[in-house]
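Please read the structure below before turning to the comments.
We name chains A, B, ... by the order of the sequence lines, and we start the count at 1 in each one.
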Amino acid sequence: MTATIFEKSVAGRRAFVAPEVDVPRDDDALPERFRRAEPPRLPEIAEPEIVRHYTTLSTKNFHLDKGFYPLGSCTMKHNPKLHERVAALPGHARLHPLQAPARAQGALQLMWELQRALAEIAGLPHVSLHPAAGSQGELAGVLLTRAYHEARNEHRHRILTPDTAHGTNPATVTMAGYEVVKVGTDADGGVDVDDLRSKVDDDVASLMLTNPNTLGVFDRNIEEIASVMHDVGATLYYDGANLNAVMGRARPGDMGFDIVHYNLHKTFTQPHGGGGPGAGPIAVSDRIEPYLPRPQVVRRDDGTFDLDYDRPESIGRLRGFQGNFGVFVRSYAYILSLGADGLADVSDTAVLNANYLMARLRELAGEHLPAAFDRTCMHEFVLTGGPMKKALGIRTADLAKRLLDKGFHPPTVYFPLLVDEALLIEPTETETKETLDAFAEAIAEILAEAAEDASIAKEAPHTTPVRRLDEAGAAKRPVIRQPL
Amino acid sequence: MTATIFEKSVAGRRAFVAPEVDVPRDDDALPERFRRAEPPRLPEIAEPEIVRHYTTLSTKNFHLDKGFYPLGSCTMKHNPKLHERVAALPGHARLHPLQAPARAQGALQLMWELQRALAEIAGLPHVSLHPAAGSQGELAGVLLTRAYHEARNEHRHRILTPDTAHGTNPATVTMAGYEVVKVGTDADGGVDVDDLRSKVDDDVASLMLTNPNTLGVFDRNIEEIASVMHDVGATLYYDGANLNAVMGRARPGDMGFDIVHYNLHKTFTQPHGGGGPGAGPIAVSDRIEPYLPRPQVVRRDDGTFDLDYDRPESIGRLRGFQGNFGVFVRSYAYILSLGADGLADVSDTAVLNANYLMARLRELAGEHLPAAFDRTCMHEFVLTGGPMKKALGIRTADLAKRLLDKGFHPPTVYFPLLVDEALLIEPTETETKETLDAFAEAIAEILAEAAEDASIAKEAPHTTPVRRLDEAGAAKRPVIRQPL
Amino acid sequence: MSRYTSATDADREAMLERIGAGSIDELFADIPASVRLDRPIDLPAGKPEQEVYGYLRDLAARNTSAEDEITFLGAGMYDHYVPALVDALISRSEFLTPYTPYQPEVSQGTLQLMFEYQTAISELTALPVSNSTLYEGPSAVASAGWLARLENKRPRFLVSRGLHPHSREALATTSHGYGTAVEQIPLAGGVTDADALREAIGEDVSAVFLQQPNFLGAVEDLERLAPIARETGALLVVQVDPMTLGVLRPPGDFDVDIAVGEGQPLGNRLDFGGPSFGFFAAQERFLRRMPGRIAGETTDVDGRRGFVLTLQTREQHIRREKATHNITTAQTLNALAGVIYLSWLGRKGIVELGDLLLQRTAYARRTLTALDGVEALHDQPVVREFAVRLAAPVDRVIERCAERGVNPGYPLAADYEEHEDGLLVAITEQRTRADIDRLADVLGAAVAAEREAVHA
Amino acid sequence: MSRYTSATDADREAMLERIGAGSIDELFADIPASVRLDRPIDLPAGKPEQEVYGYLRDLAARNTSAEDEITFLGAGMYDHYVPALVDALISRSEFLTPYTPYQPEVSQGTLQLMFEYQTAISELTALPVSNSTLYEGPSAVASAGWLARLENKRPRFLVSRGLHPHSREALATTSHGYGTAVEQIPLAGGVTDADALREAIGEDVSAVFLQQPNFLGAVEDLERLAPIARETGALLVVQVDPMTLGVLRPPGDFDVDIAVGEGQPLGNRLDFGGPSFGFFAAQERFLRRMPGRIAGETTDVDGRRGFVLTLQTREQHIRREKATHNITTAQTLNALAGVIYLSWLGRKGIVELGDLLLQRTAYARRTLTALDGVEALHDQPVVREFAVRLAAPVDRVIERCAERGVNPGYPLAADYEEHEDGLLVAITEQRTRADIDRLADVLGAAVAAEREAVHA
Ligand SMILES: Cc1ncc(COP(=O)(O)O)c(C=O)c1O
Ligand SMILES: Cc1ncc(COP(=O)(O)O)c(C=O)c1O
């Protein structure tokens, strides 16, 4: 491993050269009792070594520009280089968030146009770009549901989430002050409608659904589900993490959803940055609109754009300023580049790639890694490693680690929870057929190798900067900062 | 190895989306007989795979932001990131070279200020930024000498170069239509003045000298050498590749040189780009000035800047337009950042680092790798691998290859030619003491290892993307393009 | 428009055949006809790269950015110089394009920078533990509120009126969900009213929220306020400006429980408000209740040092409804910019820069308050930002200044009805003495002109 | 100012002690006192990064770049759109910061891109061999002259007057050194006068230099000219514009000996004239006389494919005064931009783009020559650039257009006294029909106004 930047520090070295104090000194400007005695022990190091440190660190990462990254539910599609160029324009990058709207018309227009485009894609009329990520979009969405019911003097206490739901859904429900009720999954991988009916009553505020869901299955009963919820006056929430599957084919709004969040860093290709930034805009129906966060970007009758704070029923803000604008620039560039056809082609190709890879894996590895739900998938699909574990004695985790040696990032593993030894595989539309073939063959090789000698996979990875790490030890005796 | 971009081509794929033909078509615009029948077989490939291809290729390079690069005579110093930012400003990057001077005042002022700064650093009054690299600077310089003599109706045929000279010096002499005469080196590593005297007469046009020379030795007899040349009316040419040693300490102009070239990509830290671009400005004395290339950047009496083409005695241009402006921006940023003190500190620290590393190597490897000239060096020094070869049976080439396994770029090897198994080591000022220590220790380890088992070094490198390559075979049956 | 996808017609055919489907439409058979979109998406056709660039460049040109005017806007985000090495390093694909580091063996770059970031934040705040970012400042304040809720379930939050208005609002929005009431503690003489705080504090108070320096730029007397706030066992949460922590005493000096803040000043762009990052540091005892990712040091099977995401049992993907927070995607790339920036600034630099801001701010305050019609809004010490009162309509004064290429600052009226004549002026190292003198010149003239206009 | 150096005072002391020197001054003892600089360098003190940035940004702002006006300037360098992936990839340290690949085991990235570049240039020119760049266009022409000199020692070069003036001058400057005379072949009707060429050709002609399209934008009839040029064994050297090679017949179709050109249009910035790259392709028989670096394919000791610098016995570091050229540092990074650009454009794109230029150029020529006081300077086919005659002083017309934000092109007077009324207008994919119409509008008005001015 590389020594930390703190370990490379040597007293007296520096990269920063301070501008001179060009004003008459006022030594009483800050009374002694407010002054820090000991400066923070930041590194002392010159520019060349900072550059080498972080350049070297960077090379220890697997990344999308290096190879295949089929991380299910994360939509690891290509990040166009154009987006970094337009985001870096000084008119964007150096625009202060409190600049008067009259002098930020370009930015407000961009946001407004993005709102319109997202509304059209989701089939819901009103969009707020405010939330910082999907999870914050979820929280906003659930608080909108609360506001909607409170405005009707209804005080509901429960929210339903399928057992296939992503962890953020139940976690959000709790943070918003509701109780989570789990709904089961039927044999086709959709919501178990009977179970749903049995749990729905007028104390239920909402159902949070991902469609296609985290099994890569499109819920055929979506209309029935919607009416069940609407009959009791509950809202239907669409977790948009899987929107990449259906653009141009179907729209959450048309399916009966009231509230949608988008993950711009998934469907609309914001680079993930090793864990953010992203953005989680939300779209809502007319009845939810009054409660949207503040401020809203609006176009005035004279054609100018503005920030509207005058929203008496708004739930208010969940964060500062106007949202992750830098992310909006990139995602809007993507929408402008692809246009209507291009976006539809994205979903078509994403689904084609997923079904092709599933077919290849059925041929090459079907015996040990069968599909959890053997049917046409959407943009992703789930395999179960159960048979592999029995027959070959290696677990999904071992397969994943061995894939690292073959130069692939593993799929999402052990999620969704209801599938034994799950692998959730999402190839995305930007991968080539050759890449999908190579991945399927790599998996076949690993299985064949394991039949010979399971220890190779069990002890994998062998070629990475470090090998398996002691996560239990890390949690037992947490060392989360450099001792200085 | 990675397949070539041509091998990754698949018919029908594309990254480029053409703007539409927005004008009425004229199908007779180009008569058939001028039209290309078969398009060039460029790759067909989408953006994500282009990005992955070149990203992956890049990782097969050793580079300055990765580690120590003590390539003698090349001055591999840190390349500040600021320079890329300022070079990329649209006002620089998108400025057309034929823009009217009145609308390119910023660029012309930058060039003029850079000329002034370079003139002060070299101690010669007139600078031309025209040449594209050191070698072209040399050619310009020798052609200036020719013009100077021809203006005096002198027709000289010979130019002297020391046997320590860089290969570009004699090559340049030939290209400029002169005959090369070699001058020997004395016991101290300087020019053998007796040999020089014996070869100087009025048929000699110039002496091309590097000072400090490629042995890292400053020629104590420089004044005598200058007068020897000037006595016969010859010019004295300063190869500025080693200017990094003496900034703020001494100036070629003050030593008696008439013509100097700078390597902005060495002393003034233009990134090398894997073999360019660079720039090779020249500075000259008053008597040479009339012959400088065209155009010259000048400041008019009204304070505006202009391109002066009206130079009847000029040797003319050696290239298009005004020189490698993008390089000038970076080098001028460097001069502005460091200022007078900073530049002097550069040379002081470069010489300190070189002498320190030489001292460390004397301690740790002196027996097998003695200094070729055991005296205080300037910014670089030469070791001879002769004793190592005798005692341990490994050659300088083996040592160099083994250094690759240790994560270091080797020094320049087998140059200068007059030193047996030469290693020319230039640490530069931007390296830390820790790095110099680690390098010295790595060499000691390799020597110790070789004493045990010479084959390890002889077969090195072992950890690189490819191992030793068959260069002879490559030259015998050249394959210099992809067969398609 | 395929430029990011590679499937040629030949590929599609071959793939469909392998799948055993006759067409791509077939793959979407699960979507009930009644909810299918039976028309193209109503958006324009795609554009060539150069046209997308041109369109967005033209939009950008319609904004007046810090590149186009001399701006004294601050109020939470500041126009600091971002050194070139930050952009150069964070734009490397290796940092830019990976997902959250779920596979540590191939994510040591990201995991180590998170660890270094956590170290830098705990050094800045002088608190023992830090997470590896939340979204941004105000939501970090709200997250501190949620932690307090998990900690003590008490029904009241007390927030200083000196806390950033966005932080106050984000806290109110989210706490409404779980039912904790938010009460404000007024300011007196520009700083939090200690007596009012003593009045309001009680056993039923879950947490107290302060800001240092507060929104009006004033340095709060934490020495005095902290004991009052914590007297009855409430958590003390302080939002701090990281750029001031080279010169101001850090939260750790006052045993605050949680320090949060907006990370933008540390090497991040203004970006019209985001993305940036929110930092979250706390006392050791809150470690297992912290929101967000945390990187921890460990060893691999060969005994080599390495880093992993740790204490994940706090998180949604494991604990689901019992998680300490719902956050997953955070702001790692922005944290990278932050830690590179702090390494660039260094131990000496953060003090030098803080001192430069302090001196220029003092100078600017002296210079502006010497103008007719401009007076200090409070007399508390200030470090990098200060508030003044204008004897003329603030918005019109701002307009006049803007016309002359100077943005004098942020009008307080929208957030502080009691200060509708207030202007908040921020200083960075990019605002030189000459810029400050120009502000004085332009502002003085604008105020004078507006006063005339009134009298006329 | 240490920010790029790390030697602290403590380091310096320790190092000097190890060296056995009392001071750094001692290390410079070899420099005779009489030639020492006994004063500081006379330059300003160093500046903080932000000030250097600010200073250079302000200088840049004083230029009118292609970002600031609608420009039709060409004449050798063209304002083509550079796709973002080019900048993103060439700015990777791995490509940006290494030296020439002397250690192939750790330089496969650079060596392979050189090999791919050579392949792309051979494909464009339809010639079997290419080097891996020279400095730029005109010096590549001069280098072709030097190769001819090495090849046949004949005393005369014939250059078409349609060859770029800078190429003609660079050839003259350098050939003066080795004593080959340069004679011009005039143009007739905008193209090289075939009869004049036939007149001038002879056994003593070393090489003939043509340009396609020529400097006036006209497509030369190489079919006709090539045989004449090569009749007496002279080498035929053609400078070509790479952007036209998707639509125009390539040099290889006419058995030219050497094709050279300016690489800037291929993904490189304008940069006020450099750095860019010069390409150099030739017939197989010249391989061992080629100037510059050449990458070749080979295998390593384990039989793996790899690349090396090859045929180095041509070069200065081995052959010294017998080398085929003195070049060492060339333009590898610019070549990388070139090959990435060509991969982005692709086999179809280079034809589509060529066709777009062809059509827009034809439209522009029709539109402009329909204006009063504007007529075609010649009627030859044109592809991406064309010349017109103005019935008003060209410089003053340009000034008038510039005031309205349009740069109409390059005035021919300086290089062609016979065309002092000439204007050279270049088209790129960034100049839309709307831009061309605007040019017509602005140019027409300017010419009219100037004619009035004269009559008045
Ligand atoms: C299905 C699903 N829902 C919600 C989320 C949360 O989104 P974010 O990471 O943007 O907070 C994710 C991604 O992690 C997801 O995959
Ligand atoms: C001593 C010396 N002279 C001349 C040159 C040639 O300079 P350039 O590579 O810029 O043509 C070099 C560098 O290669 C050199 O080291």
Side-chain angles (χ1 to χ4, degrees), chain B residues 15-16 18 22-23 26 29 40 42-43 54 57-58 60-65 86 89-91 93-97 103 106 132-133 135 167 170-172 176-177 180 218 271-278 316 319-321 324-326 336 339-340 342 356 432 464 466-467 470 474 479 481-482, chain D residues 1 6 15 30 41 43 45-46 56 59-60 62-67 73 89 93-94 96-100 105-106 108-110 119 123 135 138-139 166 173 177-178 269 271-275 296-298 300 306 310 316-317 320-321 323 326 329-333 344 347 349 352 362-363 433:
Chain B
F16 173 70
D22 52 1
V23 297
D26 167 5
L42 298 175
Y54 288 105
L57 270 195
S58 74
K60 299 171 184 288
N61 282 352
F62 187 92
H63 58 106
L64 199 45
D65 286 354
V86 290
L89 289 164
R94 290 194 67 195
L95 180 58
H96 194 284
R103 286 185 290 280
S135 305
T172 300
V180 175
F218 188 93
H272 285 257
R319 55 160 295 153
F321 306 114
N324 285 348
F325 178 77
L336 288 171
Y356 176 73
T432 64
T464 47
V466 293
R467 294 182 54 218
D470 178 3
V479 178
R481 61 153 294 171
Q482 175 87 51
Chain D
M1 295 257 168
S6 291
M15 292 164 81
D30 281 343
I41 301 172
L43 286 174
L56 293 172
L59 280 183
R62 299 185 48 220
N63 301 321
T64 304
S65 80
E67 198 87 6
L73 277 173
L89 290 167
S93 298
E94 291 85 341
L96 185 67
T97 68
Y99 204 77
T100 302
E105 299 87 349
V106 291
Q108 288 298 299
T110 296
T119 305
E123 278 297 315
Y135 303 127
S139 62
H166 295 178
T173 300
Y178 52 83
R269 302 169 172 173
D271 269 345
F272 200 45
E297 184 178 328
T298 185
D300 76 356
T310 194
Q316 48 74 30
H317 61 286
R320 303 184 62 89
E321 62 269 24
N326 72 337
T329 295
Q331 311 286 136
T332 308
L333 193 71
W344 177 75
R347 181 178 191 164
E352 293 165 355
Y363 173 78
R433 177 184 187 157

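Taking the six-membered ring where tryptophan is involved, the planes of B:Phe16 and D:Trp344 are perpendicular, since the angle between them exceeds 60° and thus also 30°.
Taking chain D as the reference chain and counting heavy-atom pairs below 4.5 Å, the highest number among B:Pro43, B:Gly276, B:Ala133 is found for B:Gly276. Among the candidates B:Ala29, B:Ala18, B:Gly320, the residue making the largest number of heavy-atom pairs closer than 4.5 Å to chain D is B:Gly320. Of the listed residues (B:Pro271, B:Gly339, B:Gly273), the greatest number of heavy-atom pairs within a distance under 4.5 Å of chain D belongs to B:Gly273. Between chain B and the residues D:Ser6, D:Ala323, D:Ser93, the largest count of heavy-atom pairs under 4.5 Å involves D:Ser93. Of the listed residues D:His317, D:Arg320, D:Glu67, D:Gln331, the one with more heavy-atom pairs under 4.5 angstrom with chain B than any other is D:Arg320. When each of D:Glu352, D:Arg269, D:Arg347 is checked for heavy-atom pairs under 4.5 Å with chain B, D:Arg347 comes out on top. Most heavy-atom pairs under 4.5 Å with chain D: of the set B:Ala132, B:Gly177, B:Ala171, B:Gly278, this distinction falls to B:Ala171. If you tally non-hydrogen atom pairs under 4.5 Å between each of B:Pro90, B:Ser58, B:Ala340, B:Gly316 and chain D, the highest count goes to B:Ser58. When the candidates D:Gly296, D:Ala330, D:Gly349 are compared by the number of heavy-atom contacts under 4.5 Å with chain B, D:Ala330 comes out ahead. Of the listed residues D:Gly177, D:Ala66, D:Pro98, the one with more heavy-atom pairs under 4.5 angstrom with chain B than any other is D:Pro98. Interface summary for chain B: among D:Thr329, D:Asp271, D:Leu56, the most heavy-atom pairs under 4.5 angstrom belong to D:Asp271.
A donor-acceptor distance shorter than 3.5 angstrom exists from the side chain of B:Asp22 to the backbone of D:Arg433, with no hydrogens or angles considered. D:Asn63 places no side-chain N or O within 3.5 Å of a backbone atom of B:Leu95 that could act as its donor or acceptor partner.
Annotation for D:Gly109 and B:Lys60: closest pair N-CB, 3.7 Å, computed over non-hydrogen atoms. Across every non-hydrogen atom of B:Pro277 and D:Leu333, the tightest pair is CD-CB, 3.8 Å. Closest approach of D:Ser65 and B:Gly91 over heavy atoms only: CB-CA, 4.1 Å. Taking every heavy atom of both residues into account, B:Leu57 and D:Gln108 meet most closely at CD2-O, 4.5 Å. Of all non-hydrogen atoms in B:Ala474 and D:Glu297, the two that sit nearest each other are CB-O, 4.0 Å. Of all non-hydrogen atoms in B:Tyr54 and D:Leu89, the two that sit nearest each other are CB-CD1, 3.9 Å.
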task: Might you work through the side chain to side chain contact (heavy atoms under 4.5 Å, CB included) test for D:Val106 and B:His63, ending with a clear yes or no?
output: CA-CA 9 Å; D:Val106 291; B:His63 58 106; over 6 Å; no
task: Could you please spell out the steps behind the side chain to side chain contact (heavy atoms under 4.5 Å, CB included) verdict for B:Arg481 and D:Glu123?
output: CA-CA 10 Å; B:Arg481 61 153 294 171; D:Glu123 278 297 315; 2.9 Å; yes
message: Please evaluate residues B:Val479 and D:Thr298 with respect to the criterion side chain to side chain contact (heavy atoms under 4.5 Å, CB included), reporting the C-alpha separation (whole Å), side-chain torsions for both, the decisive distance (0.1 Å), and the verdict.
response: CA-CA 8 Å; B:Val479 178; D:Thr298 185; over 6 Å; no
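Contacts of B:Phe218 classified as ring pair (Phe, Tyr, Trp, His ring centres under 6.0 Å), with partners at least two apart in sequence or in another chain: none. Remark: B:Tyr356 pairs with no residue by the ring pair (Phe, Tyr, Trp, His ring centres under 6.0 Å) rule, at least two apart or across chains.
D:Thr110 and B:Asn61 form a side-chain donor-acceptor contact under 3.5 Å, judged by distance and modelled atom types alone. Side-chain polar atoms of D:Asn326 and B:Ser135 form no donor-acceptor pair below 3.5 angstrom.
D:Tyr363 touches chain B through its side chain: at least one heavy atom from C-beta onward sits under 4.5 Å away, while N, CA, C and O do not. With a threshold of 4.5 angstrom between heavy atoms, B:Leu89 approaches chain D through side-chain atoms but not through N, CA, C or O. Interface residue B:Ala176: only backbone heavy atoms are found under 4.5 Å from chain D. With a 4.5 Å cut-off on non-hydrogen atoms, D:Ala362 touches chain B through its side chain but not through its backbone.
Distance check: D:Tyr99 OH to B:Leu64 CG gives 12.5 Å after rounding to the nearest 0.5 Å. Note: D:Leu73 CG to B:His96 NE2 = 5.0 Å, rounded to the nearest 0.5 Å.
Two residues are said to be in side-chain contact when any heavy atoms from C-beta on lie closer than 4.5 Å; D:Gln316 and B:Thr172 fail this criterion.
Two rings, from D:His166 and B:Phe321, have their centers less than 6.0 Å apart.
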